[in-house]
Structures are given as C-alpha cells and as structure tokens.
Amino acid sequence: MKKNSFFQFLLNKRSLVILGFLLVCAGVFTREFFTVSNLTNVMLQIATDGIIAVGATFVIISGGIDLSVGSLVALVSVITIILQTKFNTPIGIIVSIAAGISVGLLNGLLITRVGISPFVTTLGMMTLIKGIALAVSDSHSHSGIDPNFARLADYPIFGIPFAAIIFLLFVLAANAFLVKTSIGRGYYAVGGNPEASWLAGLNTNRYILMAYVFCSFCTAIGGILLTSRINTGSPIIAGDTGTTVVSAVLLGGTSMAGGIGTVYGTFIGVLILGVLKNMMNLMGIGGYYQTIFLGLLLVITVLADRTHFNQHK
Amino acid sequence: ADKPVTVGFAAASSGWPWYATFIQHVEDRCAKNGWESIILSADADVATQLNQVLDLIEKKVDYIIIGPLDAKASIPAIKKAHEANIPVIVIGNDLDKEYWDYVAAIRVIDDRDLGRNSAEIMAEVLKDSPSKKIFVVDGLAGQPAVTLRWEEMKPVFEKNGIEVVASEYADWDMVKAITVTEDMITRFPDIDAIFSMDGSMTPGIVQVLEESGMEDIPVVGLGGTATELELVKEGKVVGTACQSPGMNAEDAMDAIEALEAGETIEKRMTVNTPKTFAANADDCPGDW
Amino acid sequence: MRNENNPVIIEMHRISKFYPGVIALDSVDFCIRKGEIHALAGKNGAGKSTLIKILGGSTQPDDGQIMLKGKEIVLHSPHDAIANGIAIISQELMLIQELSVMENILIGRLPHNAAGFVDWEAAKTVAAEPLKQLGLELDLSAPVKTLSTAQQQAVEIAKALSRHAEVIIMDEPTSSLPNREVDHLLSTVRRLRDQGITIVYITHKLKEIFAISDSITVLRDGKNIATLSTSETNQAKIVELMTGQSADSMFEKGNSSSSDIPVLEVRDISRKNAFSHISFTLYKGEILGFAGLLGSGRTEILRAIFGCDAFDSGSILIDGKEIKEFSVKEMIRRGIALAPEDRKLQGLVLSMNISDNINLATMSSAIRNMGKEKKTAIKLFDSMGVKAPSIKALVSSLSGGNQQKIVISKWLATEPKVVLLDEPTRGIDIGAKSDIYTLVEKLAGEGVSVIIVSSEFPELLRVCDRILTLHDGEINGEFLHNAVDEETLVAYASGSVAQYSVEPISKSEVK
Amino acid sequence: MDITSRKKSGSGKVTLILKENVPWIMLLVFSAFFAILFPQFLTFRNITNVLRNSAMIGTIAIGMTFAMIAGTFDLSVGSTMGLAAIITIKMQPQTGGTALAAVVIALIMGAMVGLINGLVVGRYRINSIITTIGIEYVILGITLVYSKGQHVWVEDMYKPLEFVGKGKLGTFPFPIIIFLVAAAIGQLLLSKTRFGCQLYATGGNPIAAELSGINIGKVRVIAYMISGFTAAVAGIMIAARTQNLDPSFGFGQETDVLTCVLLGGVSLYGGKGSIFGTLAGVLILYIVSNAMTLSGASYELQLICKGLIFLITVAASVSWQKKGK
Ligand SMILES: Nc1ncnc2c1ncn2[C@@H]1O[C@H](COP(=O)(O)OP(=O)(O)OP(=O)(O)O)[C@@H](O)[C@H]1O
Ligand SMILES: Nc1ncnc2c1ncn2[C@@H]1O[C@H](COP(=O)(O)OP(=O)(O)OP(=O)(O)O)[C@@H](O)[C@H]1O
Ligand SMILES: [Mg+2]
Ligand SMILES: [Mg+2]
C-alpha cells in the first residue's frame, strides 16, 4: 500500500525544490507576488490548464499521451457559446461535456480496438477536431450572451475563484481515486505492465479507454471554464494548452513510461509553470526572453530528473 | 508622483513583425519620457493574453495597452483593468461600440478599411477586364482580422462584378503562400488577378508568378510591409492598402501622454490606410 | 495410480493453433486429472507455452474445445480463465514492479467499501492468507522490485492461490531459480497438490519432472506424442519421445583441450556489494565453470571483466599484459566476448535480422562490407545449425534455443580468445543444450578459452575442465571436473562448507 | 494437415512485400483516386510543384527518421530550420565569401543544436519529447532576439546560393534534387554503413547494443546532429528560394515533419523504419494537401480529411502488421 501522505510526498520530490526556488525568487524579485490578490490571480490563471492536466495525468500514468486536448478546448469553447446563444447556457455546457466525452471515446477506441499508438491517434485527432471546431464556428469567434456564465469561472467562494475551487476538487478527488480506490490502483498496474495486468484478468482496454474519456472530460470542464473567463467561443484559442499540460504533468514527476506518477505531482507541476509565468510577467521579463526561459525550464527539469528515468532505460 | 509612469503592453505576439515594430515605438517613446514599460507577449494564445493582462493589473501599471488576439475574447480582461481603474488603450483590433465605456482610448488600424481599400484597388485593376475571376490567398482561419477584412471586401467585389473563385488560408506564412498560389494557378490557369490578404505573403505570390512565367497576372496586396512596398515600386504588385504599426503606436502613445497631462481625448481614432501605388509608395512608411 | 482414479478436471480436445508458416498446435488432446501434478515436456517450439496460453485465455485456438469438469467453456481473455479457476504463472514473471506485494497479489480485486475506497486492513488480511499457505513471510507493502526472483515467484503463486485457483499452470518456473529455491518450490508444489490443487508444470529439466510429477505429456512439433504415468516411464524414454532419437550420447564429457598458457588473469578484483577478492587464471583452450547460487555475483564478475561495469580494486591481465582501459569496445578488441544471461533483454536486437545481429559487434569499417558480412553470417548460421528460413529472418521469430545460438554466433564472429557465457542454456531444450555443449568443446579445441556460468551444476560437470564455486561474491572452492560431484558443488555454493577446505588444485596436476 | 499445406509460399512473399510497403500502397491508392477526381492533378507541372514544396519538410523528415530510429524524438527541428533560414538571409547579400559563411554557420548551428539535444537526452530517451520541445522554444527565442521580431529579406542573393532555392536542372527544380540526394545519402547511411546498423541496434535494444560495444550515447548524438543538420539544410533551401521570411518561420512545423515520418511507418519506439518509407510519408502529406486545394473544399473540410487520412493510413499499416504476425 502506498500511504503517500502529502507530507511524505513533499519530502522526496524534486519538483518541489524547483517550486520552492521559484517562490523564493518571486518573493525576492517582485513586490507584488505575495499579495492576496496576486495569489488569487495565480490560482485562477492555473485552474483551467490544471484541470486538464489532472485528466492528462491519468492518460500518462496509463502509458499513453493525449495531444488533442488543445483542439478540444477550442471545440468546447465554440460549442458552449454557440449553443448558449441559440438555446441556453446549460445546454451549451451539457453538449460540450458530451462532445468531450465522445472525443475521449473515439481516442480510446482507436487506441484500444484498432491498435494505433496513442501518440499517432491523438495527433490525427488534433487536426480532425480543429477542423470540426472551425466548421462549427464558421471560423469566427462568438461572444457569450449570458452574464452569469461570464462570471462563473471568476466567481469567488470564500475568496477563491470558482475555477480554482473546481481545480482543487479535481486534484483532491483524482488523487484519492488513484491512491485509494481499487480501480485507481489498477491504473498503476495497467501503466506499469500492461501485459501482466491483462494476464491478471484486468480489462486493460477498458482502463485505457476510460483514461482518455476522463482526460477529455477534464478538458471539456477546463475548456468550459476558460470559455467563461474569456466569454468567447473561438476556434483558435488554447494554442499552448497541449504543451503546457504535458509539461506540467512531466514536471510533476509522472513518467512518460507509464505506471508512475501522482496527481499531487501534477498539481506541483502546474504551479511551477503558473508561478514562473506570473513571476516573469511581474518582473517585466517579456516576449522573447520568456520563451527562452520556459524552454530552458523544460530542459533543466529533464536534466534534473534524469536519474529518475534511469531505471526505465 | 515621483514614481515613474509605467506602461504595460499586452501584445498578441512579439514574434509578429507588426507587433515588433509597435513594441519598438512604445519602448522608445517611454524611454524618451523617462517612463517604464513592461512588454508582454501572449504568443498567439488567447488565455495567456488574459492572464498577462491580469498580471499587469497586479503589477499596478499606470496604463495598459492591449493588442487583442481576439477583441471579443479580450473584453473580460479589459473590464478587469477598468475595474482596477487602469486606463486601457486598445490597439490593432477594433472594439465593438458597446464596450467603449471600459476603455480610455481606441487607436486602431481598422481592418475593415484595409479590406475595403485593397478591394477597391482590385476593382480598379479589373475595371476593363471582360472576365473578373480572382482568388484570395487568405490569412489564418478563425482570426478576427480575416473576418473584418472580408466584411468590407465582399460588398466591393460584389458591386464590381468580381468573382472570388476560391480563397485558401496560408496562415500569414510566406512559404505556405507559395504552395497555395502554385496549387491555385494549377487549378485556375486562366485567373484574372490575385488578392493577397497580407503583405507578409505577397512576395511569395509574386515569386510563384515569376517562376511560372505568369507575371502578367496582376497582384493586389494589403498591408504595406516593407517587402510588399518594394514590389509595388517595382511594379510587380499593382497596389496595396498601407498600414503602419509605427504610426499606430505613436497615436497610442500620444493618447497616453495626453491622458497623463489630464487632457480629454477622442475615444476612437483610426490610422489611415491609404491606397498605395508605385507613384505614392514613398509616403507609406513600410515600417514592418 | 492416482492418475487413473481421479476425475478429469480439464479436457482440451483437438486443439489447433496456426501461426503464419507454423503449426504451433496440431489437433492436440490434453487431459488433466484433478489433484495431479501434470508435467508438460517437449523441445523448444514444441507448443507447450501455446497450449497453456490457450488454457489461460490469453491466446485463442483456431480449432478445438475446452471442457472444464465436463462442461465446455470458452475463454476469451485471461479474465475468463481466472473466473473459471485457472491461473497461469508464465515464464516471464508478470508482476508490476512499482506496486507492492499486496497489490500485486490482489491486482484488480482489492477489497473496497461501498464508496469504492480500498479497505487496506482487509487487503492485508486477504493478501497474507496465501502467503501463509505457502509458509512465507514477506513485507506486504514492499514494492515487488525489491524482491528476489524466487520471492517474486512466490508472489505469483500467492496471486493464484488468493483467487482460489483450482488449476495452477507453471511455465518453466525454475528456469531462473537457484537450486536451493528450486527445492523449496518443488515442495511448495507438492504441498499445493496435497491441498487438492491441480498443477500443470512445464520444464526442460527432466530431473524435476521425475521428482514431482504424477503424469507426463510430451509434445513434439505441435502434436501430443504421449501421455504417460510418471511411475511407468523413465528419463531416457521421455528424451526419446521429445526428440525422436535415442538419448544415449548426449551427456558425455569430451576430451579436455586445456593448455598451460594463461590467457586471462584476474587478480584480486573487488566491488562493494557485488564481489570481493576474485582471483583466477584462465588458460588457453580451457573451459572454466562458475558454480554459484543466484545472486552470488557471477554475472557481476563477468560484466566487470567485459568492461561493462567498473570495479573498485584489483587488476585484469590479458595475455600477460595488464588492462588499463576498461570499456566494452576495448575488451572486444582484446578478444573477450560476453553472451549475457538474458537473451532478449541484453543479447539480441529482436527487430533486426539474423545477419545484422551476428555482425553487430564486428563491423570494423565505417562502410559495411556486405559480402563479408553475408559470408560470416552464413558460415556461422550453418556451423551452428540454426533453424530459420534464412539469414534475413528476424530474430524475434526464432525459438529460444536458436536465439541463443545467434547470440553466441555474434561473438564467434569477433573471433574471440575468451568467451564468457552467462547461463547459456537457460530455458532451452535438451537438444539445443547438447548442441551448445558440443560447440563449447569445439571452441576449446580450437584454442578458445571459455567461462560458463550456470545454476545447473550437472551441466557444469558435463562440460567444464575446472569449476570454481562462488558464494556471496567470493570464490570458495576450486575443482577439477573429475574430482568433484554435484553434492560438493552445492555444499560450497550454498556456503555450508568453510572457506577453501579443499586445497586448490594447481594447474600442473591437471596434466 | 502439415506445415507445407498451410504455407502458401508464393503468395506469402507477395503479402510480405505488400505488408512492408503499406505507405506506398496507400500513396498509390490516394494518387489514383485524385488523378481520377482532378484532371490537373497528374500534370507535370503540378507534380513538380508538389515535389518542390515537399523538398523542405521532406529533407528534414530524412533527418528526423534517424532520430526516430534511434528511439528518440526530435521536436526541435521546426525552429532550427527557422533559425538557419534567418541566418542565411540576414548574412546576405554581399559577396560569395559571406554567403558561403552564412551557409556554413547555419549548417554548424543545425548540427550544434543536434549535439545539445543529444547530450541532454543522452541515454534516457523517455524524456526526449519534453527536452526537444524545450529546445524548440529556446531556439525560437534566440531567433526572435536575432531578428528583432522583424521580417528578414534580401534583395539580391549570391547567385549560386539562389540557385539552390530557385534553380532548375533541366526541368527539375533544384530543391527536389537536394531532397532526393539527401534521401539517397540517408538510405546509404542507414543500410550500408556501420553507423546505420548501430542506429537500428540502439533504437531496437539499447542494452544489447551497449553490450555489443556500441556507444549508444554517441550514436544518439550523431542521429540528433543529422536531424539538426537536415533542418538547417532545409532552412537554407527555403531562404534561398524565398529570400524573405517571417521571424518565427518554422516554429511548429516539426508536427508536419513528424506526421510524414509516422505516415512512413517509422516506429515511435525506435529500431524500425526506413528512408524509403519516410519518402512515401512525405509524398502522402503533400499530395493530400495539394489535392485538397485542387478540390476547392473548404478549409475545415480539408483539415477533417487530413486528420482522417492520417488515421486511416496508420490504421491500415497497423492492421496489416497485425494480420501478418
Ligand atoms: N505469437 C506467435 N507468432 C508466431 N509464431 C508463434 C507465436 N507464438 C508461438 N509461435 C510459434 O509456435 C511454436 C510453438 O511455440 P511455443 O512457445 O508454444 O513453444 P514452447 O514449447 O513453449 O517452447 P519453449 O520451450 O522454447 O518455451 C513455435 O514454433 C513458435 O515459434
Ligand atoms: N537489481 C539489483 N539490485 C540490487 N542488487 C542486485 C541486483 N542484481 C544483483 N544484485 C546484487 O549483486 C550481487 C551479484 O548479483 P549477480 O546478478 O551478479 O549474481 P549471479 O550469481 O550472476 O546471479 P544470477 O543467477 O541472478 O545471474 C548480489 O549481491 C545481488 O544481490
Ligand atoms: Mg515456452
Ligand atoms: Mg547472473
């Protein structure tokens, strides 16, 4: 049993050292970082990508990858707003979630039934979904018309934005699921050794399928909240989402080889990226140099974590 | 009051030449005034842009210039800045009238003007032609600039009997424009003229025509990049609608200086996008 | 005997399985009686694994039916087999290395409450049960990767028991177990039988078959050749059934071709936590055996000599010259070759063809000499008697024995002076083993020196000129092959004899 | 029933050849389809256009094939190509010497990026995706700093260099020749050199490769350097052709390259693939987009079709492989 209490986790994770270092830098180099309003701001900023990263953690632990999340966010935003305009907000949200789940099912079926590798499947789906998003939106962006929906993501509950609350709930629930439930433990088995799991009678295909469905579900939720934040349905938003999400998950110590990783780790990974971006913005490090720093962060993380991957050749 | 004025600029992408020029002007003007500037780039990601505006608000800058990737999607960010009492100057992409109350100033190059002016040049070119078939090498699918330009291009084309037989996206990318143009002249060897949605792609179109010996097909550009202007001067492009990010930036900075001085200013001003031909090409700065 | 009286539990009827170009099983009938230990024997590629994979639901037959207690069952997946009380412990242990012992035992069936949360206390109790049944004590929360192979195997068995399997099938369970553990396993298997569990036991080791089985089925070329009661047959008969030829000449030691010329001298090398004070000399044309239990450091020593891993102190001399630079490349250049213990993981590039694998370590010039490569490949292919369609066949399509021949061929292509063979006969059948012994002797005859590591001591006695015993990373005995028996080797290897109670035999006495 | 009756040896060989060339079969099927649908498709000019346009991504795909066979991803080729192109243009026009220096510097830069990738990824291939994405960003940033975010262009390019992009040998545009030569060299490297064999071994089984005396770290570094080098070659080609580029040109185009390589049947896990297959992958991608443009279908539909064609082609390879097992 893994009694992986949060505290133990804090002690033996490198990503936490990086986060700590960043927080110290943020405190030293900016006056604004450690203010209540900025911290609230950061929480809101990381929430939507964070929710998607929770889903992506499942996929990566199960030994796969999902590159189609960015396109799906765009599709979800378009559907949410267009249906909101035509009918009402709940219909928009429900259909968006349904669309997300369908994409997840399609990814999962192509991977488990047809046997195309996750990388290739989701790469193809990325193009496909983008086409659909453009078609649905007629290549325009559309404004939302429901002021309540527009307030949804930012709406403070005990001072914390709703989107951030949802993110935290997803983190806690998903972590509990992976660590404490029988099915959750199965994900580590399936990702760690798919053949052994199958021979032990696990329906590995169903596990993998559900990972993609869950990831797409999270993407739909994240996408809806992002749509609420910008109150716009646009076929070309979320260009960075795919990269950010995968980076966050790997930064958090989840292994691309499958079978290793935690949602708490992903939470830290999301924080690292969020804090770094916020800090650089506050410091006025803009444009080109921000690009270079983010790139270097990825490379350095890999270097720092190399020993961790040693055992997986 | 002793604290220098800080201008925050949330640019759509510092990797786009239009914005690079704009940024240069903002930085120069701020430096001249002894002000500080914080330049952030959303790298073409809408959510990033929203986040960057929020960070500028946290930073408590005195003015925010925003070059929206998507004007509609930038409204929430603009409202937040407004709530925080930071004057916002919108540049690049126009804003619907209902949101004008939230911003201090709008200093834009109107994409509709650009579209109309270039379309009118096209109408002029094909005035006497018996057949008026053109194709359009388009920008990036889903971008507001594309939508707005078409809004005004369409009626001009219709009025003048110009038939757009096809339009293909080339993502503002010179290399893709080459491929698209090649494919299109294969498909429509008897095309009467070609319309380029943006100066960054025009040289590619001209090049394809030269390579395939079809230089006599007229090309109409849009935007007035330095290279496009060069082609206009050489007569390889009939004309273009000139836009200057530098002039736009100066207008935006003028507005900020006026606000700082406590003057009242006009809410919305647009930068001229004059029709530019070989004869008057030198009037266009071609600064991007 | 009990064989005839017990009721039939599983009957496989006219099972056939085809792979492109291969008939893995040709209308096989296979009948297992309740509560027996039923051994399944046959050469590499005879179809043993295929047959039991079908029984385990992981492979579907092309034809035939399976009856469980008289009722026909159809097994679509391993899940179905498990649900029918059939558990398979496959040759490659199928555990999830990162997960704990408990989770591995209860994989997919962790007890949970209504909300779906695992009840770890209950899990502990449930998982401890089968371990107790096996008479084992393991830390339930230790990750499986920290366990030894034998312990991992016990976890596999516990996994089967915890599912109340009525039939447990073991595919070559002892092929990577040390002797001491083998005995333990055999007694476990007997104990299980006495508890009424039916066992199907696949092995290439005839001794084990006769030690525990009640009945034997021999497969050859995908056909059931015979099912016999163990008490009514003998080893020679089984070998004959398996190979189709008489077994007489297979196990005789050939002449020694050992000489006086030292080729490899290892002087007092040590590495922390692996081996210490290892010294020995290998002579030209000599076949030297390393006898030791699993984990005694034999592999580590070979790897150190081959330059894969560093050592802390000591020196190594080749042809009297001390080696200063240690790298695999350098050692290959100096005429050393190592056939590692795990063919698939360490020895072969399965996605490449036979010829490329054979030539992998020899390509000396930047531009490949295709003609030469082909000649080398064909020469070794023929002289080793590899069974494959051509030298362009992918090695992944070969049987274990043939794969091992390719590994050895790769090293012979380098024309080595010293060949290090780590468990060269693991998991390969009697025929292929005998081929490899013959080959080793032929090499020695040509002046090549050989070190063989093996956990099967009879094999060492059969082929070696001299045998060193290792215990706990140290050499504790040295014997000429004709001056020692298996019991003595086991005694030394297991450390039950004090250090060097036998005088080391000097080289001159060999002559 | 005995073994021989099941074997059907004659047709077996044909199946094998078909099985190993699924991308080419798909290419032929698509081409035939397009040729029937669109009369302009099978014209000499259209085909040369397609080939010339595919030369750039195609050349990089040749290089990336090496990285992929070694079992590692190289997602940094997009901005490497961009930086090489920008260097080439920014250091023009001037004399032959400078033009040549620009080319040499661009090529060295490409190889150096490969070197860095190789050293960072080293023996731990699992993280090559994230490493090379990181490098892609770093190089984009460097390119933007170098070009100050502005268009770069040059009026007159050194003539021999211009020929690289615009020239024709007979009726064949020179970039096609470069592409085909790169492919030929690549194929020779893979099949006729020790390095090629070691590359397959490194990707197929790094442990066995190491135990056979192969320095897998070195092999991977070289594979990455080849990949970076071809990216630079492509950048120079495109710079010579257009003489005018966006500052962020190239960024993100690694996806197209990767698509070609995967369409061509190169394994994501290393050890398998060939230049011949990659060639088919490149052609599929470009022929499909050419046909899409010729068809006049809307952009959305084009994207959807591209996604579908990609999935169908790969699914076909997968199911053929399964069948043959
Ligand atoms: N997945 C497969 N694809 C193609 N051929 C196979 C496959 N599995 C088994 N075979 C072939 O079927 C035959 C029987 O193989 P099987 O593994 O059952 O033999 P075995 O008796 O278990 O041999 P060993 O003692 O080496 O384990 C062999 O010729 C083998 O090559
Ligand atoms: N994966 C491992 N992790 C930790 N220690 C190990 C590991 N593998 C081997 N060892 C230790 O190294 C020492 C030598 O092991 P080695 O594998 O060389 O033994 P061996 O006699 O070759 O046994 P085998 O039959 O397994 O090859 C032993 O003390 C063993 O416990
Ligand atoms: Mg077997
Ligand atoms: Mg060993």
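We name chains A, B, ... by the order of the sequence lines, and we start the count at 1 in each one.
Considering only heavy-atom pairs separated by less than 4.5 Å from chain A, the leading option among D:Val145, D:Thr131, D:Thr259 is D:Val145. With chain D as partner, the option from A:Val246, A:Leu298, A:Leu294, A:Thr291 having the largest number of non-hydrogen pairs under 4.5 angstrom is A:Thr291. The choice from D:Leu262, D:Ile139, D:Ile116 that makes the most heavy-atom pairs within less than 4.5 Å of chain A is D:Leu262. Most heavy-atom pairs under 4.5 Å with chain A: of the set D:Lys306, D:Glu300, D:Glu136, this distinction falls to D:Glu300. With chain A as the partner, the residue from D:Ile309, D:Val314, D:Ile142, D:Leu311 showing the most heavy-atom pairs under 4.5 Å is D:Leu311.
Listed here is the closest heavy atom pair of A:Ser117 and D:Tyr269: CB-OH, 4.1 Å. Closest of all the heavy-atom pairs between A:Val114 and D:Ala315 is CG1-CB, 3.8 Å.
Contact of A:Leu110 with chain D is made through the side chain alone, with heavy-atom distances under 4.5 Å. Heavy-atom distances place the side chain of A:Thr243, and not its backbone, under 4.5 Å from chain D.
Considering only heavy atoms from C-beta on, A:Met126 comes within 4.5 Å of D:Thr255 through its side chain.
Note: A:Lys130 NZ to D:Tyr299 OH = 4.5 Å, rounded to the nearest 0.5 Å. To the nearest 0.5 angstrom, D:Leu303 atom CG is 11.5 Å from A:Ile129 atom CD1. Here A:Tyr288 contributes atom OH and D:Leu140 contributes atom CG; the two are 10.0 Å apart, rounded to the nearest 0.5 Å. The CD1 atom of D:Ile129 lies 8.0 Å from the CG atom of A:Leu250; values are rounded to the nearest 0.5 Å. One finds the OH atom of D:Tyr137 at 12.0 Å from the CG atom of A:Leu297 (value rounded to the nearest 0.5 Å). A distance of 10.5 Å separates CD1 of A:Ile132 from CG of D:Leu301, quoted to the nearest 0.5 Å.
Annotation for A:Tyr289: atom OH does not count as buried by contact number, only 12 or fewer foreign heavy atoms lying within 6.0 Å. Shown here is A:Phe293, whose CZ atom has no more than 12 heavy atoms of other residues, nucleotides or ligands within 6.0 Å.
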